[in-house]
Student: 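Just dropping this structure here.
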Amino acid sequence: MTAYTSPLLRLLDERGYIHQVTDAAALDALANKQVVPGYIGFDPTAPSLHVGSLVQIMLLRRLQQAGHKPIVLMGGGTGKVGDPSFKDEARKLMTVDTIAANIASIRTVFERFLTFGDGPSDAVMLDNAEWLDKLEYIPFLRDIGQHFSVNRMLSFDSVKLRLDREQSLSFLEFNYMILQAYDFLELSRRAGCRLQLGGSDQWGNIVNGIELARRVDGTEVFGVTTPLITTADGGKMGKTMSGAVWLNEDQLSAYDYWQFWRNTDDRDVGRFLRLFTDLPLDEIARLEALEGAEINEAKKILANEATAMCRGRAAADEAAETARRTFEEGTAGEALPSLAVPGGSIGIVDALVGLGLAASKNEARRLIKQGGARMAGEKVEDEALMVTVGADPVRVSAGKKNHGLLTRS
């Protein structure tokens with residue numbers, strides 16, 4: 001580990017958030033001297049962010065815990081364009097009303113992780129539509145565009161990936177990196193922002209913003225990126241059989257969120273405890289040293305702490321109790337996802353999809369063929385099976401750990 005002196009960089013380093021830093025010594029000195037406003041941008045492409053964004057949300061939380069000021073920048077302006085970074089195709093364009101509704105919904109999640117207000121280290125949420133929507137094209141090209149080299153922009157991995165695959169990259173998307181760099185310049189002017197944080201895939205965009213602020217205003221600003229968070233088996237963080245692990249309650253139940261963390265690979269427990277909980281490092285060291293069946297206790301603590309932070313302690317306790325009753329007592333807890341069945345009859349494939357135990361009908365059929373689907377504890381072997389639901393709920397399972405209840409409506 002690098003010998004940082006500021007509480008901010010020491011905290012980020014000790015918990016495994018740092019991948020790259022621009023001028024680490026100067027940023028370390030600045031963080032020792034003053035409150036450093038730092039920002040991360042989030043595009044409002046859906047009503048909720050998912051677990052793949054959680055390391056960035058936690059990064060803002062750590063910034064605040066170290067006494068600095070988090071700026072949550074919503075891409076109400078850039079969201080109208082779409083970030084092409086490492087995407088195979090262009091994003092679908094959203095209406096202004098959809099973007100506004102998504103931002104309002106996403107804010108509710110940030111309010112669980114950050115303290116918002118008017119104080120020096122209180123978090124603020126801004127929308128880049130405030131300045132991007134007002135830009136005039138010719139003045140923007142003249143004042144900002146002159147500082148960007150197309151040759152250099154073409155060398156960025158996010159652009160090369162699309163071009164190497166001979167996939168279309170629209171001029172609209174090509175502008176995205178210029179707009180993101182301009183965001184940093186604008187935030188340094190409006191909010192005294194000195195730091196941009198982001199995933200490792202944003203390094204090129206962050207460096208663009210740093211150079212633009214230096215060239216246009218002579219302002220020294222900094223960047224920090226986090227490593228790509230993958231699971232021990234090489235998979236992408238947050239990818240599950242049932243689809244995205246959403247942070248908002250109305251997109252995913254607290255029980256399913258709890259179960260996602262409970263199912264963490266043994267090898268990832270310590271790393272995830274450092275990244276996604278506030279537990280002290282010495283306690284984490286004790287938990288990750290557990291072996292055999294005891295590591296399951298560490299996974300339950302991870303699930304409890306991560307769920308409490310995102311959904312509240314009561315929701316975490318209820319999810320943990322449901323899991324205990326389901327797995328230890330063989331009964332069905334109340335927090336299991338449920339599906340009301342009109343008339344009391346439903347096909348097993350539709351039941352698996354409706355309960356969120358499979359992302360699609362094809363996936364449900366695959367699950368059945370592979371012997372992973374169960375109804376009332378018995379293996380399902382016929383994908384054409386019709387399930388009859390009477391007065392008592394029927395438990396449907398995908399594998400050993402994912403369960404749901406069918407009820408009669």
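Because only heavy atoms are used, hydrogens play no part in the values below, and waters and symmetry mates are left out as well, while side chains stay in.
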Student: Can Leu63 and Leu195 be said to form a side-chain contact (heavy atoms from CB on, under 4.5 Å), step by step?
Tutor: CA-CA 10 Å; Leu63 187 71; Leu195 175 64; 4.2 Å; yes

Student: Is a side-chain N or O of Asp382 found less than 3.5 angstrom from the main chain of Ala384, in a donor-acceptor match?
Tutor: yes

Student: Minimum heavy-atom separation for Trp258 to Ala323, with atom names?
Tutor: CZ3-CB, 3.4 Å

Student: Under 4.0 Å between a side-chain nitrogen and a carboxylate oxygen: does that hold for Glu130 and Arg190?
Tutor: yes

Student: Using atom types as modelled and distance alone, determine if a side-chain donor or acceptor of Arg374 lies under 3.5 Å from a backbone N or O of Val396.
Tutor: no

Student: Is Glu249 paired with Arg112 through a side-chain N to carboxylate O contact shorter than 4.0 Å?
Tutor: yes

Student: Please check this pair: side chain of His68 against backbone of Val36, looking for a donor-acceptor N/O pair closer than 3.5 Å.
Tutor: yes

Student: Any side-chain heavy atom of Leu49 within less than 4.5 Å of one from Val109?
Tutor: no

Student: Side chains of Thr322 and Arg325, heavy atoms from C-beta outward: is any pair under 4.5 Å?
Tutor: no

Student: What I'd like to find out is whether the side chain of Asp122 reaches to under 4.5 Å of the side chain of Phe116, using heavy atoms alone.
Tutor: no

Student: With side chains defined as the heavy atoms from C-beta onward, is the minimum distance between Asp43 and Tyr176 less than 4.5 Å?
Tutor: yes

Student: Do other residues, nucleotides or ligands put more than 12 heavy atoms under 6.0 Å from the CD atom of Gln146?
Tutor: yes

Student: Got Ile138 and Phe140 here, is their nearest side-chain heavy-atom distance under 4.5 Å?
Tutor: no

Student: So, the side chain of Gln64 versus the backbone of Ser121: is there a donor-acceptor pair under 3.5 Å, distance only?
Tutor: yes

Student: Of the non-hydrogen atoms in Val269 and Ala298, which two are nearest, and what is the gap between them?
Tutor: CG1-CB, 3.8 Å

Student: Which atom names give the shortest non-hydrogen contact between Cys310 and Leu247, and what distance separates them?
Tutor: SG-O, 3.4 Å

Student: To the closest 0.5 Å, what do you measure between CG (Leu275) and CG (Asp268)?
Tutor: 10.0 Å

Student: Could you check whether any side-chain heavy atom of Val387 comes within less than 4.5 Å of a side-chain heavy atom of Val394, counting everything from C-beta outward?
Tutor: yes

Student: Looking at Glu14 and Arg274, is any side-chain nitrogen of the basic one under 4.0 Å from a carboxylate oxygen of the acidic one?
Tutor: no

Student: Just so I know, are the side chains of Val72 and Val124 near enough to count as touching, which here means a heavy-atom distance under 4.5 Å?
Tutor: no

Student: Check step by step if side-chain contact (heavy atoms from CB on, under 4.5 Å) holds for Gln65 and Leu11.
Tutor: CA-CA 9 Å; Gln65 287 174 337; Leu11 175 63; 4.3 Å; yes

Student: Run the numbers on Leu212 and Phe184 for side-chain contact (heavy atoms from CB on, under 4.5 Å), then give the verdict.
Tutor: CA-CA 8 Å; Leu212 183 64; Phe184 203 173; over 6 Å; no

Student: Compute whether any side-chain donor of one residue and acceptor of the other, for Asp28 and Thr5, lie under 3.5 angstrom apart.
Tutor: yes

Student: What I want to find out is whether Asp233 reaches Arg267 closely enough, with some N-O distance under 4.0 Å, to be called a salt bridge.
Tutor: no

Student: Could you give me the CA-CA distance, side-chain angles and deciding distance for Leu185 and Val216, then say whether side-chain contact (heavy atoms from CB on, under 4.5 Å) is met?
Tutor: CA-CA 8 Å; Leu185 174 65; Val216 175; 4.2 Å; yes

Student: Say whether Gln251 and Asn248, considering side chains only, have a donor N or O and an acceptor N or O under 3.5 Å apart.
Tutor: no

Student: Which is it for Asp183 and Gln180 under the side chain to side chain donor-acceptor pair (under 3.5 Å) test, yes or no, and what are the steps along the way?
Tutor: CA-CA 5 Å; Asp183 280 344; Gln180 184 171 329; over 6 Å; no

Student: Verify the distance criterion only: is there a donor paired with an acceptor across the side chains of Ser360 and Asn362 at less than 3.5 Å?
Tutor: no

Student: Where the side chain of Ser200 meets the backbone of Thr225, is there a donor-acceptor pair that is under 3.5 Å apart?
Tutor: no

Student: Whether the side chain of Thr108 engages the backbone of Ser105 through a donor-acceptor N/O pair (distance < 3.5 Å, no angle test) should be reported.
Tutor: yes

Student: With the side chain counted from C-beta on, respond yes when Lys300 and Glu297 share a heavy-atom pair under 4.5 Å apart, and no when they do not.
Tutor: yes

Student: Which heavy atom of Gly209 sits nearest to which heavy atom of Val221, and what is that distance?
Tutor: O-CG2, 4.5 Å

Student: For Tyr39, run the side chain to side chain donor-acceptor pair (under 3.5 Å) check against Gln196, Arg194, Lys69 and tell me which one passes.
Tutor: Gln196

Student: Between Glu211 and Arg214, is there a salt bridge with N-O shorter than 4.0 Å?
Tutor: no

Student: So, Arg271 and Asp265, do they make that salt bridge, N to O below 4.0 Å?
Tutor: no

Student: Got a salt bridge between Asp266 and Lys299, using NZ or NE/NH1/NH2 to carboxylate O under 4.0 Å?
Tutor: yes

Student: Looking at Gln259, is its backbone amide N or carbonyl O close enough to the side chain of Asn263 to form a donor-acceptor pair, meaning the two atoms are under 3.5 Å apart?
Tutor: yes

Student: Name the one of Phe260, Trp261, Tyr257, Tyr17 that satisfies ring pair (Phe, Tyr, Trp, His ring centres under 6.0 Å) with Phe276?
Tutor: Trp261

Student: Is there a side chain to side chain donor-acceptor pair (under 3.5 Å) between Ser6 and Asn32 once you walk through the steps?
Tutor: CA-CA 5 Å; Ser6 66; Asn32 269 325; 5.0 Å; no

